[in-house]
Amino acid sequence: MKRRDVLKGLATLPVLGAYAYALYKKKQISQQPTFNFLAEFESRFPLIGDTVEASKPKPSPGNKLRIGFIGFGSRGSSIARSAGFAHPTFIKNLQKDAQSNPNDKRYQTFMEQEDLIIEFTGVCDVFNTHAKKGSIALANLSRQTQAIPEKSGVKQYSDFHELIQSPDIDAVIIATPDHWHAEMIIEAAKAGKHVYCEKCMTNQLSEAYEVRKAVLENGIVFQLGHQNRQSASYIKASNLLANNVLGPINLIETSTNRNSPDGAWVYEIPPEAVAENIDWERFIKPGSRTPFSAEKFFRWRCFWEFGSGLAGDMLTHEYDCINQVLQLGIPEKVTASGGIYYWKDGREVPDVLNVLMEYPARDLALMYSASLSSAHQRPRQIMGQDAVMELGGEILVKAEANSKQYKSLLESGKITTETPFIQWQPGLENIDAITSPTQKYFASRGLIYTMHEGKMTDTTFLHVREWLEAIRKGGETSCNIHQGFQEAITAHMAGISYRENRIVKWDSENECIV
């Protein structure tokens, strides 16, 4: 039977007909000749590798690095856990979950995690509760006991300047709100302290130049917190794209869709978050007259004074993923639009944002859009003349009907336009115990776990380890100051375009916004 005859015969059976046609299509696909395109491709083009193979540190008394931690909120504590340091209560809960659910391997994974040969000698947070929790978690007592000690041995600092200048610290991890990133990085660089900093690298355009200058002049090892650089799927995609699997690429679409209070940065405010427990004068920048607000302290991403909105927080994830696999650099012009359409809670930054980043010299455009009131997941798509790639925790590549590169394969029936001829998933079906919508979002886009040495591994762990190895042995990190500068400029171009309602252009020769 021909396809049109099947459709005509099933037209009178709307429900059963749809089911029967689905079976018909499935049988068609299963009867297609098996053709392992990826195997043939890799035999012709040697790939870098599916995982990040950073050399492991070898334990030795003189090899231990002393780290200071600045900002121990939700992201800070998450980085610490990825490095193997967690509060005893957290470990106790993991153990309890593992006992009730045999598929929950988080406790086992944490206890078996590689020792990074570091010690945390100081922690600084302007919220007393965070500072106390940090001092206990960073003492690394959780592997020996679940009892919470009265003292940990990790010094608590009320002033980050004192922590940076301490002779007991070799490097710092910065996980504060964006508005302090630049000053902390610059001071640490001038003090000769290596830096791991969360994104967005800066909160203001001018700061990006100052940070780059300080890092390069003082020769420190810098790593920006885009852990996607360690994802096996992005490394694989980089190789495929470098070898022209898609043909000429003219359009890329990527997005952020979240639909929960946490996803929209409406974080819970604990009862102890009162003026007596938060050093507000140290939280705001000098010269600011903003009065104390627990809401602004915990939900700082919603306000321009402290954060960079969707452009600096979520766009940067998507931009850096694409920049990693295609090395796009800073766009020549950026246009942004959006507004506060759902979360009318006093925030200043938009909850819907659309950004068009254009690269005329490369004949392509990168489109980003975000909604914080819909969890509908849209795939990250790189569209070429010969094929389209969906890129996240897995890779899917489908041929275009008018492809020149794959014309003979399409005509012979070895591949079809309906079925991916490359489908590569590095074991993500084995992820256990992801419960929150935000975690699920990040996992689906390959931003939490990856396959490494045959097992699921935390990408932040690999990203921190890469930074530590660069400190010990020299060499560059994957998200170094040059990558950070490109990210910061791009994010600020989008922010300026949105706030000033204009197209923003980049003068690459003079390195300035026109």
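Bear in mind the structure is a predicted one, so any value in this text is a computation, not a measurement.
Between Tyr196 and Gly225, the shortest heavy-atom contact is OH-CA, 3.7 Å. The shortest heavy-atom contact between Gly76 and Ala175 is CA-CB, 3.7 Å. When all heavy atoms are compared, the tightest approach of Leu138 to Ala80 is CD2-CB, 3.9 Å. In terms of heavy atoms, Ser77 sits closest to Ser74 at OG-O, 3.0 Å.
The aromatic rings of Phe297 and Trp280 are tilted relative to each other, their planes meeting at an angle between 30° and 60°. A perpendicular orientation is assigned to the rings of Phe127 and Phe298, their planes being inclined by more than 60° (bins at 30° and 60°).
With sequence neighbours excluded, no residue forms a ring pair (Phe, Tyr, Trp, His ring centres under 6.0 Å) with Trp265. When the side chain to side chain donor-acceptor pair (under 3.5 Å) test is applied to Asn218, no partner is found at least two apart in sequence or on another chain. Listed by chain and residue number, Phe69 satisfy the ring pair (Phe, Tyr, Trp, His ring centres under 6.0 Å) test with Phe72 (two or more places apart in sequence, or in another chain). Under the ring pair (Phe, Tyr, Trp, His ring centres under 6.0 Å) criterion, His194 pairs with no residue at all, not counting sequence neighbours. Residues passing the ring pair (Phe, Tyr, Trp, His ring centres under 6.0 Å) test with His179 are Phe283, Phe306, sequence neighbours excluded.
In summary, Arg66 and Glu119 do not engage in a salt bridge, as defined by a charged side-chain N under 4.0 Å from a carboxylate O. A salt bridge does not link Lys193 with Asp170: every distance from a Lys NZ or Arg NE/NH1/NH2 to an Asp or Glu carboxylate oxygen is 4.0 Å or more. Between Asp320 and Arg229, at least one side-chain nitrogen of the basic residue sits less than 4.0 Å from a carboxylate oxygen of the acidic one, meeting the salt-bridge criterion. With respect to Glu318 and Arg380, a salt bridge is recorded, a charged nitrogen being found less than 4.0 Å from a carboxylate O. We find that Lys199 and Asp313 are joined by a salt bridge, their nearest charged nitrogen and carboxylate oxygen being less than 4.0 Å apart.
No donor-acceptor distance shorter than 3.5 angstrom exists from the side chain of Ser288 to the backbone of Ile284, with no hydrogens or angles considered. A distance-only check finds a donor-acceptor pair linking the side chain of His181 to the backbone of Thr176 [under 3.5 Å]. In this structure a side-chain-to-backbone donor-acceptor pair under 3.5 Å is present from Glu466 to Ser478. Listed for the Glu394 side chain is no donor-acceptor partner under 3.5 Å among the backbone atoms of Leu391. Put simply, the side chain of Glu272 never gets that close to the backbone of Asn277: no donor and acceptor are under 3.5 Å apart. At distances below 3.5 Å, not a single donor-acceptor pair connects side-chain atoms of Thr256 with backbone N or O atoms of Ala370. Judged purely by atom type and a 3.5 angstrom limit, Thr316 uses its side chain to pair as donor or acceptor with the backbone of Gly312. Looking at His87, its side chain does come within 3.5 Å of a backbone N or O of Thr89 through a donor-acceptor pair. At least one donor-acceptor pair closer than 3.5 Å links the side chain of Glu348 to the backbone N or O of Trp304. Looking at Asp351, its side chain does come within 3.5 Å of a backbone N or O of Trp343 through a donor-acceptor pair.
Rounded to the nearest 0.5 Å, atoms CD (Gln483) and CE (Met201) are 11.0 Å apart. Note: Ile382 CD1 to Leu326 CG = 5.0 Å, rounded to the nearest 0.5 Å. A distance of 13.0 Å separates CG of Leu224 from NE2 of His482, quoted to the nearest 0.5 Å. To the nearest 0.5 Å, atoms CG (Asn259) and OG (Ser371) are separated by 7.0 Å. Atom CG of Leu396 is separated from atom CE of Met389 by 9.5 Å, given to the nearest 0.5 angstrom. Note that the CG atom of Leu372 and the CZ atom of Arg347 stand 6.5 Å from one another [nearest 0.5 Å].
Each of Arg378, His376, Gln377 was checked for a side-chain hydrogen bond (donor to acceptor under 3.5 Å, both in side chains) with Asn257, and the lone residue meeting it is Arg378.
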**Message:** Under the criterion side chain to side chain contact (heavy atoms under 4.5 Å, CB included), I'd like the reasoning laid out for Val355 against Tyr319: C-alpha separation, chi angles, the key distance, then a yes or no.
**Reply:** CA-CA 11 Å; Val355 182; Tyr319 164 80; over 6 Å; no
**Request:** Check step by step if salt bridge (Lys or Arg N to Asp or Glu O under 4.0 Å) holds for Lys296 and Glu305.
**Result:** CA-CA 10 Å; Lys296 289 185 176 179; Glu305 181 178 352; 5.5 Å; no
Can I get a per-line list of side-chain donor-acceptor pairs under 3.5 Å for residues 208-215, giving both atom names and the distance, sequence neighbours left out?
from   : atom 1 : to     : atom 2 : distance (Å)
Tyr209 : OH     : Glu511 : O      : 2.9
Arg212 : NH1    : Glu511 : OE1    : 3.4
Arg212 : NH1    : Glu511 : OE2    : 3.1
Arg212 : NH2    : Glu511 : OE1    : 2.7
Lys213 : NZ     : Glu217 : OE1    : 3.4
Lys213 : NZ     : Glu217 : OE2    : 3.0

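Between the side chains of Glu487 and Asn323, no donor-acceptor pair of N or O atoms lies under 3.5 Å.
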